[in-house]
Amino acid sequence: MKTRSMEATTETLMTLQVNGRTYRVTAPMQALLIEALRDHIGLTGAKYGCGMGECGACTVLLDGEPVCSCLTLAIEAQGREITTIEGLDRGGVLDPVQRAFAEMGGVQCGFCTPGMILAAKGLLARNPSPSEEEIRLALSGNLCRCTGYMKIVDAVRVASQEMGRAE
Amino acid sequence: MQETVTGYEAPETLDGAVSVLQQHGGDAKVLAGGQSLLVLLQQGLLAPSVLVSLKRVLELRSISFSPSDGMQIGAMVTQAELERSDVVREHYAALGEAAAVVAGVQIRNQGTLGGNICHADPTADPPAALIALGATLELVGPAGKRMLPVEDFFRYFLEVDLADAEVLARVLLPPPAPRHGSAYLKHRLRHGDRAIAGVAAWVQLAKDRLRIESIRIGLSGAGSTPLRPVPAEQLVRGHPASEELLAACGEAAAAACEPLDDTEASAWYRREMVRVLVPRALSISLRRAGSPAFR
């Protein structure tokens, strides 16, 4: 819940490139990227979990690199390519990582899933054939309360194998 | 989050940043990677009206190295960049290893070395490594430039020796010494947690490769600031490396620290882990330095 000070807050116009589209958003100067995405643009895939960068539920990609959107100012995300979970599928066809999560049982309640998938995408872009240890390290900034992580790790491994075969 | 920020500046030079900070005084906060500041903002612990971002000061983003001049790291270099740097891994291993265990990949992609140092969390990892590596900080402010050994920068929990409108510009590391080795070990429950105890060690062997000519240790989680346990170093300096000596060093380091009791770990436990990790970090450093006794 936002509280407002006595003076008017300074809202500012910002231009954000999200999933290949341009959005013009008017928001407070200190608005977080996750607020711009969820409250202004309506992309609610990124979740607000902790607001402290410890749970990873808010993970999005900035120029392909996983970041916490709760620890990113929306104004500083201008000029960068922002990718959210909504930007992965191609005309309804799931990204291999999305499909692997679904098929391998790596999704239960789904709250951590957008962040997990994007963190995995960030890993696979840098390291297409990660070891289990490397997968676990890359996902260590994403918490899951449901699955116990094993099927998530399996999903990332299967996705990396599929993507390797597809090339 | 209470909306207090009414101004955002992104100067393109260091001098420009200092001017803006002078102009706004106590209303302004420096914004580096934001991975600590934005947490404090959301929790209502800070309420600046102006954010002065260093993102556009390009000179703060570079890393340069030569065997004769050592390494200069701009304050805005990210933990991820340090983690991935081959030069850091080869010559300043403790720093690369410390950067690699800061939080999760999302934080490391935006969090900066300078921001981490200036936030001065005593359980942060890079400061301990910088102490062990003999780092010097370059600070720039209205009165000009000044240099400070890194361990002298930390005053108290979240408090550093930064004057008004002063900015940490660069971290300087000495040229790699012959027959040296360093390491950083961190004890925590889950990967990405703050350190319960973190130990950075740096050693240089004498020409005989038996005696430890030079040693520095940096501790995380061992006090209200990152610590350098000088008595533990003095115990070791000039002596032949041995398991017994390393164990004694661990005891001395544990005795020299004043850890905080908090919800993550008790002071007793932090001290105990310092005692255990110091010999291990030294052992790895000695192996890397080429000690025949530690392979």
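Quick caveat, the model's predicted, so the values are computed rather than measured. Every chain is numbered from 1 and lettered A, B, ... according to where its sequence line falls, protein lines coming before strand lines.
In this structure, chain B has no heavy atom under 4.5 Å from any part of A:L139. With a 4.5 angstrom heavy-atom cutoff, B:R84 touches chain A only via side-chain atoms. Residue A:T12: no heavy atom, backbone or side chain, is found under 4.5 Å from chain B. B:L37 does not touch chain A: none of its heavy atoms, backbone or side chain, sits under 4.5 Å away. When heavy atoms are compared at a cutoff of 4.5 Å, B:L41 approaches chain A solely by way of its side chain, counted from C-beta outward. For A:I75, the part sitting under 4.5 Å from any heavy atom of chain B is the side chain, from C-beta outward, and nothing else.
With contacts defined as side-chain heavy-atom distances shorter than 4.5 Å, the pair A:M52/B:Q43 qualifies.
Checking side-chain atoms of B:N109 against main-chain N and O of A:E65 turns up no donor-acceptor pair under 3.5 Å. Side-chain N or O atoms of B:Q35 include one that pairs as donor or acceptor with a backbone N or O of A:L71 at under 3.5 Å.
Here the closest heavy-atom approach between residue A:A119 and residue B:Q106 is recorded as CB-NE2, 4.3 Å. Between A:M29 and B:Y8, the shortest heavy-atom distance links the atoms SD-N, 3.5 Å. Nearest heavy atom pair, residue A:S140 against residue B:H191, reads OG-ND1, 3.5 Å. Contact between B:V5 and A:Q30 at its shortest, heavy atoms only, is N-OE1, 2.6 Å. Nearest heavy-atom pair, B:I107 versus A:G53, reported as atom, atom and distance to 0.1 Å: CD1-O, 3.7 Å. Residues B:S53 and A:E76 approach most closely at OG-OE2, 2.9 Å, considering heavy atoms.
In this structure, CG in B:L38 is found 5.0 Å from CG in A:L73, a value given to the nearest 0.5 Å.
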Check your understanding: What do the steps show when you test A:T10 against B:E3 for side-chain contact (heavy atoms from CB on, under 4.5 Å), and what is the final call?
Key -> CA-CA 9 Å; A:T10 299; B:E3 281 143 21; over 6 Å; no
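Ion pairing between a basic and an acidic side chain is recognised when a charged N comes within 4.0 Å of a carboxylate O; A:E54 and B:R194 show such pairing.
Shown here is B:K29, whose NZ atom has no more than 12 heavy atoms of other residues, nucleotides or ligands within 6.0 Å. For CD of A:E81, the number of neighbouring non-hydrogen atoms (other residues, nucleotides, ligands) closer than 6.0 Å is 12 at most. Environment of CZ in A:R99: crowded, with over 12 heavy atoms of neighbouring residues, nucleotides or ligands closer than 6.0 Å. Other residues, nucleotides and ligands contribute more than 12 heavy atoms inside 6.0 Å of the CG atom of A:N127. The environment of A:K121 atom NZ is dense: over 12 non-hydrogen atoms of other residues, nucleotides or ligands sit within 6.0 angstrom.
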